[in-house]
Each structure stands twice: as structure tokens, then as C-alpha cells.
There are 2 protein chains.
Amino acid sequence: MNKPRPTGTTRIQREKREAIFEAALDVFSENGLRGATLDQIAARAGLSKPNVIYYFQGKEAIYTELLESLLDIWIAPLIELSDSDDPVEELLTYVRRKLDMSRDMPRQSRLFATEMIQNAPHINDVISGSLRDLVDEKARLIKGWMKAGKIAKSDPHHLIFSIWAVTQHYADFDVQVRAVLDGNDPFKTAPDFVETLFRRMLTP
Amino acid sequence: MNKPRPTGTTRIQREKREAIFEAALDVFSENGLRGATLDQIAARAGLSKPNVIYYFQGKEAIYTELLESLLDIWIAPLIELSDSDDPVEELLTYVRRKLDMSRDMPRQSRLFATEMIQNAPHINDVISGSLRDLVDEKARLIKGWMKAGKIAKSDPHHLIFSIWAVTQHYADFDVQVRAVLDGNDPFKTAPDFVETLFRRMLTP
DNA sequence: GCGGCACTTGACCATTTGGTCAAGAATTTT
DNA sequence: AAAATTCTTGACCAAATGGTCAAGTGCCGC
């Protein structure tokens with residue numbers, strides 16, 4: 001076998017692997033792992049099928065590496081949620097950032113959504129490991145704000161779920177949203193609504 | 001060709017088609033149309049592959065007929081949303097019903113979610129046709145309540161989206177929700193939270 | 001500018017998959 | 001109970017698909 005060693009990463013390797021990731025994000029986010037084919041990925045990346053296999057172990061390897069490389073970016077906004085004098089604004093900033101991500105990274109949102117719907121077999125350990133720890137930590141932070149009377153009381157975990165749900169809905173269900181809104185850009189009116197929703201929920 | 005005529009539907013035809021639908025709901029909701037195989041469906045239905053093809057034109061036909069047969073049930077709660085002396089309670093009843101559906105029909109929720117993520121190629125006409133009309137009608141109803149000062153003002157379309165998002169999240173992202181909640185049953189605590197969220201949003 | 005190494009791919013292969021078909025097994029009709 | 005019809009499936013097929021491999025092509029340091 002003639003695989004590139006992990007040590008010496010050449011320019012071409014970086015470029016081609018990036019092109020494959022980009023193409024794979026397109027294809028996997030639309031069809032899931034099983035529904036996607038190497039030919040599709042190769043075609044969109046502008047490479048031959050054997051060439052794709054030259055850079056990755058196989059289809060599944062592309063998928064798992066892609067998922068992992070996107071995870072950090074995906075949960076970054078939650079990591080940045082931190083203590084603040086104005087918890088309502090701190091949380092609303094998180095909400096806004098998540099909504100921005102739905103607008104700017106819909107493929108990533110759909111990729112994770114598909115993985116979740118299929119019971120997250122490839123990131124199960126992350127979800128019930130570091131992600132759960134992260135959410136627990138932030139839930140404690142939020143709980144503290146509630147006990148200090150700085151925001152209205154509710155279940156912090158479900159609060160986080162609802163933020164995820166509402167914001168990601170605009171990426172994952174984009175077709176439906178646009179069809180119902182009859183061509184009006186959802187992201188013109190969504191920020192106001194979402195801010196109102198969570199401001200009313202959070203203001204003590 | 002030897003297909004059953006649409007006229008005389010026999011007992012066996014009803015039973016077997018039902019078994020195939022049931023199996024297909026399992027398989028399609030987990031893998032989407034492309035990711036599912038006839039063998040999987042046949043196996044779960046306890047039939048041979050040719051026997052499955054005997055009752056349906058093919059894989060795609062099972063999928064589209066299944067989608068269509070579920071659409072009515074899926075939007076029924078929204079249809080039932082109607083004028084009321086207490087619009088807040090009327091809307092909260094809708095929210096509760098949607099949450100119940102996520103608990104009791106997660107496969108249907110995931111099936112539609114997967115179809116949406118993949119740009120809804122099979123129900124595009126419905127979404128931008130009768131569904132849009134239905135949502136528009138209900139949005140006008142809600143708008144009326146707002147103008148009458150019976151509920152707080154906001155964008156009715158986005159209000160409906162947020163109800164869909166929050167409630168369906170518990171079906172579509174079930175693994176994640178359960179992982180984060182560390183085994184605690186989401187549907188024990190979700191109803192309270194969701195009711196609080198939308199009560200605060202709606203109460204004038 | 002040349003030797004070695006990284007990169008590329010046409011041809012090929014095994015498996016999976018959607019679907020067919022003819023012949024036989026059940027069931028219903030008469 | 002015989003005839004007619006519906007139902008069932010083992011064997012099969014063509015296309016799609018994940019992946020291999022040997023033979024090249026081209027890039028890069030010397």
C-alpha cells in the first residue's frame with residue numbers, strides 16, 4: 001500500500017484532502033453516509049475515484065474524519081458561553097451566534113442532523129462524553145444565574161435544547177421554511193423573532 | 001405483469017401492504033430513501049424481496065406512498081388549531097399535541113426530517129402548496145389574536161416554526177437529548193419546559 | 001536535469017442492490 | 001372439488017458501488 005505518511009504533509013495533500021472534505025460535506029449532508037457514493041464525492045471534488053481512495057482509507061474514513069473535524073467548530077459557540085454581568089444578553093448572544101451558523105453553515109448543520117437522526121453511531125462517544133460534560137457545565141452556569149435571580153427559572157438542559165432546536169431548524173428545514181414563507185428570506189425575519197422568544201423566556 | 005388491481009383489494013393485500021409500510025417506516029426513517037435497501041425492508045416485513053415488489057412498484061413507490069399516507073396524520077394537529085376564547089391555551093394544546101407526537105411517533109418525525117434535510121424532493125408540491133396554504137391560514141388566525149390583544153405580538157409564521165422545531169427536536173435528536181440528560185426520560189421534563197417557554201412567549 | 005518519491009488513473013474485481021421471471025403453492029370462486 | 005385467480009419465491013440478471021493494482025505521470029530536492 002502506498003498511503004501518504006502522516007509525517008510529511010505536502011501541499012498537494014493538504015489541497016486535495018481539503019477538496020475531498022468540501023465535496024464530501026456536500027454529498028454526505030444531502031444523503032447521509034449510506035446514501036452517498038464515492039463516485040459522487042470524487043466527481044464533485046474533481047478527482048478520480050482511485051485518487052480519492054489514495055488520500056483516505058475509504059468512504060467511511062472520509063465521513064468520520066469529516067465529522068470529527070467539524071465538531072469543534074460546531075460546538076465552539078457553546079464553549080464561549082461564560083459568566084457575565086448580563087446573563088440575558090450573554091445567552092442571547094449565544095442564540096444569535098447559533099442562528100448565524102445555521103445561515104452560514106447549513107451543510108454542517110444538516111450533516112450533524114442526519115447523523116443524529118440515524119442514532120449518531122459515529123459520534124456516540126463524543127455525545128455521551130465530552131459534549132455531555134460541556135452541556136452539564138453550562139447548565140450549572142445557567143442554573144447559577146437562575147438562583148441569583150438574574151434570569152427566569154427553567155430547566156437549563158431543556159433551555160439549551162430549545163436553543164439548538166429553534167436555530168438549527170432554519171438550516172435543517174430550510175426548504176420547508178422558505179416554501180412556507182413564500183420566497184421571503186427567513187434570515188431577515190428570524191433573528192428578531194428568535195431574540196424575542198428567548199428574551200421573554202429569560203427575562204425574570 | 002401481475003400486479004394487484006387497485007379495484008379488488010383483498011385481505012392479504014391489506015395485511016401485507018401494511019406490514020411493508022411498517023417495515024419501510026423503520027428502515028427509511030433510519031437511513032433515508034437512498035440509504036435503505038429492499039432487502040432490509042423485506043427482512044423486517046418477514047417477506048421475500050420479490051414478494052415486496054409484488055405489492056409495490058419498487059422501492060421509490062413504497063417511499064412516496066408511505067410519505068403521502070403519513071402526511072395527513074402529521075399535520076392533523078395544526079388543522080385542529082382553531083379560534084377560541086383562550087388563544088394561549090389553544091396554542092399550548094397544539095404544542096402539547098406536537099410534543100406527544102414526538103414521543104409516540106418518532107419514526108414518522110425522523111422520516112419527514114430526513115426528507116426535509118434532503119430538500120424534500122418527493123413532497124415539494126405539498127410543502128409549497130397545501131401545507132403553505134394551511135400555515136398561512138393559521139398564521140392569519142394567530143395574527144387576529146395578536147391584533148385583538150389576546151396574545152403577545154410576534155411573527156406568526158416563525159412562531160409556528162419554533163413550535164415545530166422545539167417539539168420535533170425531541171424525536172429527531174433523541175439520542176443526543178438522552179445522552180445529555182444521562183438516561184433521564186426527556187418526556188418527563190420536556191412538557192413542563194415547553195409549556196413554560198411558549199406560555200411566556202404568548203402571554204400578552 | 002535527473003533520480004526518487006508523490007501523485008494519478010484506466011482497467012479490473014467482488015459484492016451489493018433493484019428488479020425480473022417462470023414455476024409452484026395458496027386461496028378464492030364457481 | 002375443480003377451475004381460476006392470487007400469492008410466493010428460488011434463481012437469475014444488469015447496474016451500481018466500494019475498493020484494488022500495476023503502470024504510468026509529474027513534482028521537487030539535489
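Below, read A as the first sequence line, B as the second, and so on, with proteins coming before strands; counting in each chain starts at 1.
Without hydrogens or angle criteria, Lys98(B) side chain to Gln168(B) main chain gives no donor-acceptor distance under 3.5 Å.
Here the CD1-CD1 distance, from Ile41(A) to Ile62(A), works out to 4.5 Å after rounding to the nearest 0.5 Å.
Between Arg34(A) and dT17(C) there is a side-chain N or O to OP1 or OP2 distance below 4.0 Å. Remark: Tyr54(A) is not in phosphate contact with dT8(C), judged by side-chain N or O atoms under 4.0 Å from OP1 or OP2. Look at Tyr55(A) and you'll find a side-chain N or O under 4.0 angstrom from OP1 or OP2 of dT8(C). Lys16(A) has a side-chain polar atom (N or O) that falls below the 4.0 Å cut-off from OP1 or OP2 of dT8(C). For dC7(D), one of the phosphate oxygens OP1 or OP2 lies less than 4.0 angstrom from a side-chain nitrogen or oxygen of Gln13(B).
Rounded to whole angstrom, the span from the CD1 atom of Ile20(A) across to the C1' atom of dT8(C) amounts to 12 Å. Across the protein-nucleic acid pair, Asn51(B) atom CG and dG24(C) atom P stand 18 Å apart, rounded to whole Å. Between Arg17(B) atom CZ and dT8(D) atom P there is a gap of 13 Å when expressed in whole angstrom units. Remark: P of dC7(C) and CZ of Phe56(A) are 13 Å apart, rounded to the nearest angstrom. Following rounding to the nearest Å, Ile53(B) (CD1) and dA22(C) (P) show an atom-to-atom distance of 17 Å. In this structure, Glu60(B) places its CD atom 17 Å from P of dT17(C), rounding to the nearest Å.
Checking dG18(C), dT20(C), dT9(D) against every side-chain atom of Lys59(B), the shortest atom distance belongs to dG18(C). The side chain of Pro50(A) approaches dC21(D) more closely than any other nucleotide in the set dG19(D), dA11(D), dC21(D).
Ion pairing between a basic and an acidic side chain is recognised when a charged N comes within 4.0 Å of a carboxylate O; Arg103(A) and Asp100(A) show such pairing. The pair Arg96(B)-Glu195(B) counts as a salt bridge, with a side-chain nitrogen and a carboxylate oxygen less than 4.0 angstrom apart. Arg44(A) has a carboxylate O that lies under 4.0 Å from a charged side-chain N of Asp26(A), or vice versa, which qualifies the two as a salt bridge.
Note on ring orientation: taking the six-membered ring where Trp is involved, the planes of His158(B) and Phe161(B) are perpendicular (angle over 60°, cut-offs 30° and 60°). Using bins of under 30°, 30° to 60° and over 60° for the plane-to-plane angle, the ring pair Tyr63(A)/His122(A) lands in the perpendicular bin.
Both Ser48(B) and Lys49(A) lie near DNA chain D, and the one whose nearest nucleotide falls closer to the 5' end is Ser48(B).
Taking every heavy atom of residues 36-46 of chain B and every atom of DNA chain C, pairs under 4.0 Å involve Ala36(B), Thr37(B), Leu38(B), by number.
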